[in-house]
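First the structure, in the form of structure tokens, and then the observations on it.
Order of the sequence lines fixes the chain letters, A, B, ..., with proteins taken first and strands second; residue numbering starts at 1 for each chain. Predicted model, so just to flag it, every value in this text is computed and none were measured.
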Amino acid sequence: MSGAESVADGRSGEADIDRTPVPDADVCVVGAGPAGALVADRLAGDRDVVVLDAGPRFDPADRLARQERAIRPSYGRPDVWGVGGARDVYETAGDRSYPLNHARVKGVGGSTLHWQGMVMRLHEDDFNSASERGVGADWPIEYADLRPYYAEAEKELGVAGASDNPYAPPREEPHPMPAFEPSYSDSLFAEACEELGIDMHSVPNARNSEPYEGRSPCVGYGTCQPVCPSGAKYDATVHIERAEEKGATVVDRAPVERLEHDGDDRVTAAVYATPDGERHRQAADAFVVAAGGVETPRLLLLSASDRYPDGLANGSGHVGEFFMDHLFAGAGGTLDEETRQNHVGFYTSACDQFYDEADETQAPFKLEFFNYAGPSPVETALTGDDWGDALLDRLRDGYGNHVAMGGLVEQLPDAESRVTLADDRTDDRGNPVPRVEWSVGDRALDTIERANEIQVDILEELGADVEWVAGPDATGPAYHHMGTTRMSDDPDSGVVDADCRTHDLDNCWIASSSVFPTSGAMNPTLTIAALALRVADDVDARLSET
Amino acid sequence: MELTRRDAAAALAAVGATGGVALGVRRAADEGSGGEGAEDGDAGPAWDGDGPPDDEAVRTAMTAVARTVYPEAVSGIDAFVEAFLGGRLDGSTHGEGIRAAVAEVESAARSWYDAPVADLAPADRDALLRELGADVAEENPDGTTAERVRYYVVNELLLALYASPTGGELVGIENPQGYAGGAESYQRGPR
């Protein structure tokens, strides 16, 4: 069946699917995004694993129809993967509005279904921000602790990269696939950067530059974000399918509403709803919450009990606090020559040269050289009041000579930037919805200006007519939810310990960017994946002890 | 610049439809009985304007509209539109949406111009679409007549054209969004 409106989004039918609890489960994973999928795959086979996800299992055959949604103007970004409605109500408050439903996908695969697929390692100093930069919080682990897991995560996801980045942290082996070649647009930037003494280098992509483990290489659909029809871009359905092949049970449309515990500080069951209106209790020996940086704290807060009146695992009082995202800094314009944009939806060159200049006043930041500056002709063609030759003239005038740079900037953890439960708004099952209060401090805003200065310098050296700058007033989030169940050795200062196990409950782990104490400025998913693999090992080891 | 079957296949692939094989059979059977001659209206639809249009009537009307909304520079419109619709008129919600929107365009053409859309002069086809409001409407599959004509007729055709390699090349991009044109073109400089 074709057509963007033919996609059902998995919210109806499927009456014959068994969504009842799995007896004698060893491990219950909440969330089928990248963290949950990797944990499940790592443990399945040796352990009885069940994964519960709030959203549907999407039909791979619908991906091209979703691509049509991505191109057609009548569909917004949340429509591509069926986000929104009563299930996904939220509140936003604080300094800046937060577009939560643009920033997530609920369902098997999670937000990797719509992500861009950029996968960098954090830098060594990112783990020691307080010690090395004088601000933020140190992680209780070092880069060296995560380094072998980073290498494993790169193999699991399938990362195309090269070792030409002099500013990247040390690595011991090549990436699993060669990096994507630089774009023609990169070659234009390279001349300008050379004049300015600015280094360009490749960028690691979780996207196949060649066939990888049965998945297609990139074929250039150009709609990576929000959907890759070819499967060349990694998404977590890869590991969900592997886990199921090993015997794991994955239950979709099964939102977990609360975690129950016993008197011995152990989680006993995940209570979840099913489309038929029933409630079920999934018991297990160990629980891994992997529901992202917003739904993870929400679930803990929804699980308040007489023993834990402020929410489960919240003895520190920090559940939901320190909500962070990366801030976008960008600039763009036009040249008097062709720049060949919008052939692909990912970028191939970056600059990390300024990243480790970070200190108390300047945040770490990275720069990106876009391959998708300016309008996409096919999207432009579907708007406007002209057609025929007039439309073609407009498309030709609008396409061909744009250039743009982006960048991500770290924001510091701030307890006032937080996720709580809304006072009087509930979702489709009557549970309080998340309330996101997002605030950004001066260090990040000042750093955006610094990034803009460099971007404009490069564009002007290139000879561009700079037409827009996304500075402190126009910045927005990169849709990386971090910090809301922070990691710390001190039970009073964090929600989870260095193993990502909750301080308060012995058999409950959190696998998510929600454990990041300080975020750095690198896209978080490779670190999420590395932590998830590490969590799986810890769960396995502790189950073996009992 | 001629639109080819490869363009139609690419456009169909961009939206998740197939249908070229069945269409090829139909085309072979029809060879010489219509084709470009339809531009002059001498192979007009057998459909008489009552009830939902059949596939042939939809193809005829959409091809006529394509001659208005496509630029002069393209040729091969008949085969391209026919091939594209071969994959879209597949019994899906979308296919029936096209059929219903075409019925409304035809109804307006017959009421206001006393002729099916395929028989209208180019200026009258352009005027018809604008009088329907399809030029200023934002596409919406569940909207007003203007919004549905924009979605299922005008933008359907524009999406097919500009997601195809030939349509992209008209603008200067041989690998437009939606077309799986490989991971090499972004590396190449201007030609």
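Screening residues 390-404 of chain A for side-chain hydrogen bond (donor to acceptor under 3.5 Å, both in side chains) gives A:D386-A:R394 as the qualifying pairs, with residues at least two apart or on separate chains. Contacts classified as salt bridge (charged side-chain N to carboxylate O under 4.0 Å, His left out) and involving residues 140-157 of chain B (residues at least two apart or in different chains) are given here: A:R72-B:E156, B:R88-B:E156, B:E104-B:R148.
Of the possible polar contacts, one joining the B:Y186 side chain to the A:E181 backbone as a donor-acceptor pair under 3.5 Å is found.
Residues satisfying the salt bridge (charged side-chain N to carboxylate O under 4.0 Å, His left out) criterion with B:E174, sequence neighbours excluded, are A:R340, B:R188, B:R191.
B:N155 pairs with exactly one of A:I71, A:T383, A:L382 by the side chain to side chain contact (heavy atoms under 4.5 Å, CB included) rule, that one being A:L382.
Neither the backbone nor the side chain of B:E138 comes within contact range of chain A, judged by heavy atoms closer than 4.5 Å. Looking at B:P176, the atoms closer than 4.5 Å to chain A (heavy atoms on both sides) all sit in the backbone: N, CA, C or O. No part of B:V74 comes within reach of chain A, as not one of its non-hydrogen atoms sits under 4.5 angstrom from that chain.
A pairwise comparison of heavy atoms in A:A4 and B:Y151 identifies CB-OH, 3.8 Å as the closest pair. Closest of all the heavy-atom pairs between B:I173 and A:N342 is CD1-O, 3.4 Å.
Here the side chains of A:W387 and B:D126 are in contact, with some heavy-atom distance below 4.5 Å.
From A:L392, atom CG reaches atom CG of B:L161 across 8.5 Å, with rounding to the nearest 0.5 Å.
Applying the 6.0 Å contact sphere to CD of A:E467 captures more than 12 heavy atoms from other residues, nucleotides or ligands.
Across B:V136, B:L129, B:N140, the residue that shares the most heavy-atom pairs under 4.5 angstrom with chain A is B:L129. Of the listed residues (B:A183, B:G172, B:G178, B:G181), the one with the most heavy-atom contacts under 4.5 Å to chain A is B:G178.
Using a 4.5 Å cut-off between non-hydrogen atoms, the part of residues 200-220 of chain A that approaches chain B consists of A:C218, A:V219, A:G220.
Counting only N and O atoms by type, the side chains of A:T223 and B:Q177 include no donor and acceptor under 3.5 Å apart.
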